[in-house]
Protein chains: 2
Amino acid sequence: MQHKPNIVDIAEITGFSITTVSRVLNGKGEKYRISKATREKIKSVAEELEYVPNEFARNLRIGKSKTIALIVPSLKNPFFAEIASVVNTEVRKYGYITLIGDSDDQVENEKTELSHLSSRSLDGMIVVPCGEKWDHLVKVHESGLPLICIDRYFEDTSLSYVSSDNYEGAYSATKYLIDQGHTDIACIQGVRHSMPNIQRVKGFTDAMKDAGMDTYTVTGDAFSEQNGYLETKLLLSRGKRPSAIFAFSNMIAMGCLKALKEENVRIPEAISLITFDDNPYMNYIDPPLTCISQPVEDICKIAVKILFSHILDDDKTPKHVLLKCTLKVKESVKNVSYSS
Amino acid sequence: MQHKPNIVDIAEITGFSITTVSRVLNGKGEKYRISKATREKIKSVAEELEYVPNEFARNLRIGKSKTIALIVPSLKNPFFAEIASVVNTEVRKYGYITLIGDSDDQVENEKTELSHLSSRSLDGMIVVPCGEKWDHLVKVHESGLPLICIDRYFEDTSLSYVSSDNYEGAYSATKYLIDQGHTDIACIQGVRHSMPNIQRVKGFTDAMKDAGMDTYTVTGDAFSEQNGYLETKLLLSRGKRPSAIFAFSNMIAMGCLKALKEENVRIPEAISLITFDDNPYMNYIDPPLTCISQPVEDICKIAVKILFSHILDDDKTPKHVLLKCTLKVKESVKNVSYSS
DNA sequence: AATTAAGGAATAATCGTTTGAGCAAAATAA
DNA sequence: TTATTTTGCTCAAACGATTATTCCTTAATT
């Protein structure tokens with residue numbers, strides 16, 4: 001037998017019918033009253049032949065692929081790489097496979113990936129959407145393919161989502177800066193229309209207003225290093241420099257660091273820096289960055305759980321979950337209460 | 001039409017046969033002399049219905065899946081995340097899909113992934129192997145599934161591989177340390193049996209010997225942060241501390257940093273540090289780490305190219321490619337020539 | 001007028017599984 | 001003994017695409 005063995009081969013060798021073989025191999029032997037002797041014989045032959053079922057034939061027949069797709073803006077961003085890693089691991093626990101798509105933060109790519117992937121009869125989809133429109137996502141979802149958004153999401157839709165409580169996270173980061181005596185704070189935001197960004201801006205401005213402050217800046221338009229770099233350069237060139245910068249992502253923070261270093265502005269002596277997102281490198285950066293850490297692992301686990309409740313239990317009610325962030329105080333924020 | 005349209009639907013609507021529809025949609029219209037009018041009609045109907053061929057049926061019939069699998073030791077390691085990102089992008093260019101498997105650096109998982117994935121009639125496979133045995137990989141390859149190793153590989157096999165020239169990289173890093181006046185150097189290695197590690201150790205010791213030095217240490221046994229941390233702790237507790245540490249991976253270097261920080265050992269004043277692997281964070285670490293940068297992007301691109309030459313051109317000759325690394329001098333190595 | 005060629009499209013088998021329906025023999029009940 | 005149930009297993013039709021083979025028109029050639 002040089003070709004890959006299939007159930008027909010096993011049926012011929014054991015002398016039983018294809019049906020019986022299929023049932024035994026699917027663990028439905030008991031249910032269909034196949035005798036123990038038969039079951040064991042079939043199983044042993046299957047093992048001997050190193051039989052591996054052809055997923056395509058199986059998928060074709062039952063219309064399910066045991067495959068879900070994950071679309072992220074960019075795998076190169078460690079934040080999304082971690083998401084990919086966790087989702088991949090969690091999904092495997094259900095015996096499913098994950099296809100990963102990279103949208104490069106372009107809605108067009110997102111759409112292309114969506115249609116590419118959907119030719120593979122997916123059973124579900126997890127998306128970190130990158131656009132400001134979501135018709136295409138809702139359409140997919142309404143066509144019967146369970147879809148859940150993580151990190152970025154949309155309100156007022158039938159789509160489930162799991163994300164951080166960005167408002168609260170930004171609020172507490174800002175409050176922390178204020179408590180440390182900062183009065184002139186600039187925040188460098190990410191993609192403007194994205195929900196995390198909207199919430200963060202809101203959290204930031206609310207915290208400022210609640211503290212009765214009005215000298216603040218909100219600038220920037222991408223979660224990228226480049227944006228962080230350019231905006232920081234601009235901030236530094238202003239007449240009066242802010243005393244603290246709030247970067248809305250780890251990539252933005254990298255850009256800030258680059259710019260601050262270039263201009264020889266010491267952190268936190270000359271300017272304080274706080275950022276969204278945490279990762280192992282943060283501890284070794286000069287100085288270690290105080291940050292708002294998102295519960296990435298939990299977000300992914302919950303998202304996968306919800307997705308499978310949609311897939312397996314046919315539970316269609318949209319679920320909306322926001323998880324608390326944690327403020328991790330390190331060394332990039334200076335207390336200026338007394339020195340100013 | 002509420003269900004997903006298939007070629008039968010299109011055949012019924014247009015009034016042509018399934019055969020004709022299939023041929024037109026596969027671009028074989030000309031070849032089979034289907035009239036232009038017919039072709040256009042079929043195409044327009046297909047478009048209108050948003051027809052997407054069922055890949056499973058297609059794969060089942062033709063035995064190809066337009067899918068390749070990538071197995072990496074851990075997606076959480078930015079080095080492998082980058083590999084995943086690039087491979088994914090490159091593979092898409094051929095119209096193929098990438099399935100990503102995470103072996104968590106355990107051969108057992110690698111084998112499980114291998115069999116899991118192979119039930120999906122893969123067309124090819126890219127593996128960063130994690131074990132010291134490769135029978136299972138060769139077996140897969142010899143069973144007709146093109147397989148290529150990247151980063152880690154094995155000599156004397158029929159498997160193709162693409163990797164860095166680890167020997168040369170380690171040699172030049174070591175030489176650099178020596179040129180800076182270091183005489184007592186410790187290197188913290190990764191997984192011992194892995195080829196990159198073997199080559200790096202060889203590069204390191206050869207460079208030391210060529211310079212007539214014999215006070216060096218080779219220690220450690222994993223590419224992990226933990227290993228870097230523990231080994232550095234041990235090194236620091238020795239009577240005579242080395243003047244420089246050579247970390248064999250970015251994760252190991254993180255561990256070193258952690259230990260050095262804990263012990264208040266200043267880099268590079270008290271001890272110099274050089275590491276394998278580069279990434280954006282390296283520039284913002286305190287101090288920026290001098291490193292050996294691997295051409296990850298090129299490695300992946302070449303690997304994908306070779307893989308597809310195996311898949312598409314049926315070119316079975318094993319290819320072995322090693323790419324040069326680059327020494328990136330930053331600020332973590334002190335010149336001790338004159339000070340000692 | 002008969003034969004051949006070429007254009008254009010259909011029939012039906014096939015890929016490897018799953019599964020509703022069904023059937024013969026053995027065991028049990030009446 | 002006959003009727004009923006249980007046991008153990010099989011038939012054959014899907015799933016949606018591909019493709020070798022065959023078939024029917026016309027048009028061209030002999």
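Chain identifiers are assigned alphabetically (A, B, ...) following the order of the sequence lines, protein sequences preceding nucleic acid strands; residue numbering begins at 1 within each chain.
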Side-chain N,O (B:Tyr51) to OP1/OP2 (D:dA17) below 4.0 Å: yes

d(CZ, A:Arg39; C1', D:dC9) in whole Å: 13 Å

Donor-acceptor pair, side chain of A:Asn26 and main chain of A:Ser22, under 3.5 angstrom: yes

N/O donor-acceptor pair, side chain B:Arg61 with base C:dT14, under 3.5 angstrom: yes

Worked verdict on B:Glu50 versus B:Lys4 for salt bridge (Lys or Arg N to Asp or Glu O under 4.0 Å): CA-CA 9 Å; B:Glu50 295 185 350; B:Lys4 274 182 100 178; over 6 Å; no

Distance, rounded to the nearest Å, where A:Arg33 contributes CZ and C:dA25 contributes P: 16 Å

Sugar-phosphate only, base, or nothing, as touched by A:Gly29 at under 4.0 Å among non-hydrogen atoms: nothing

d(CD1, B:Ile18; P, D:dA17) in whole Å: 9 Å

Value in whole Å for how far the P atom of D:dT10 lies from CD of A:Glu12: 13 Å

N or O in side chain of A:Ser35 less than 4.0 angstrom from D:dT7 OP1/OP2: no

A:Arg23 (side chain) and C:dT17 (base): donor-acceptor pair under 3.5 Å: no

Atom-to-atom span, NZ of A:Lys31 to P of C:dA21 - whole angstrom: 13 Å

Under-4.0 Å side-chain N/O to phosphate OP1/OP2 contact, A:Ser17 with D:dT10: yes

Stepwise salt bridge (Lys or Arg N to Asp or Glu O under 4.0 Å) check, A:Glu297 with A:Lys301: CA-CA 6 Å; A:Glu297 185 133 357; A:Lys301 285 188 173 174; 3.8 Å; yes

Closest non-hydrogen atom pair, A:Ser103 against A:Ile71: CB-CG2, 4.1 Å

Side-chain heavy atoms of A:Asp151 within contact of A:Ile299, under 4.5 Å: no

Touch class at under 4.0 angstrom, heavy-atom based, for A:Asn26 against every strand present: sugar-phosphate

A:Thr19, nearest nucleotide to its side chain (from D:dG16, D:dA20, C:dT19): C:dT19

D:dT19 OP1/OP2 closer than 4.0 Å to side-chain N/O of B:Lys28: yes

Separation of atom NZ in B:Lys64 from atom P in C:dC15, rounded to whole Å: 17 Å

Nearest listed nucleotide, side chain of A:Leu60, among D:dA17, D:dC15, D:dT19: D:dC15

Candidate pair B:Lys139 and B:Glu142, rule salt bridge (Lys or Arg N to Asp or Glu O under 4.0 Å), full reasoning: CA-CA 5 Å; B:Lys139 198 170 156 196; B:Glu142 283 176 350; over 6 Å; no

Any A:Thr38 side-chain nitrogen or oxygen under 4.0 Å from OP1 or OP2 of D:dC9: yes

Carboxylate-amine/guanidinium proximity below 4.0 Å for A:Asp105 and A:Arg152: yes

Nearest-nucleotide 5' precedence on DNA chain C, A:Asn54 against B:Gly15: B:Gly15

Validation row, ring centre B:Tyr96 to ring centre B:Phe308 under 6.0 Å: yes

Dot-bracket encoding of pairs in DNA chain D, which uses [ ] for pseudoknotted crossings and | for another strand, Watson-Crick or G-U under 3.5 angstrom: ||||||||||||||||||||||||||||||

Touch class at under 4.0 angstrom, heavy-atom based, for B:Ser22 against every strand present: base

Touch class at under 4.0 angstrom, heavy-atom based, for A:Phe56 against every strand present: nothing

Interatomic distance, B:Ile7 CD1 vs C:dT11 C1' [rounded to whole Å]: 14 Å

Side-chain N,O (A:Arg58) to OP1/OP2 (C:dG16) below 4.0 Å: no

A:Glu113/B:Arg92 salt bridge by N-O under 4.0 Å criterion: yes

Atom pair distance, as rounded to whole Å: CD1 in A:Ile42 and P in D:dG8: 13 Å

Touch class at under 4.0 angstrom, heavy-atom based, for B:Lys36 against every strand present: nothing

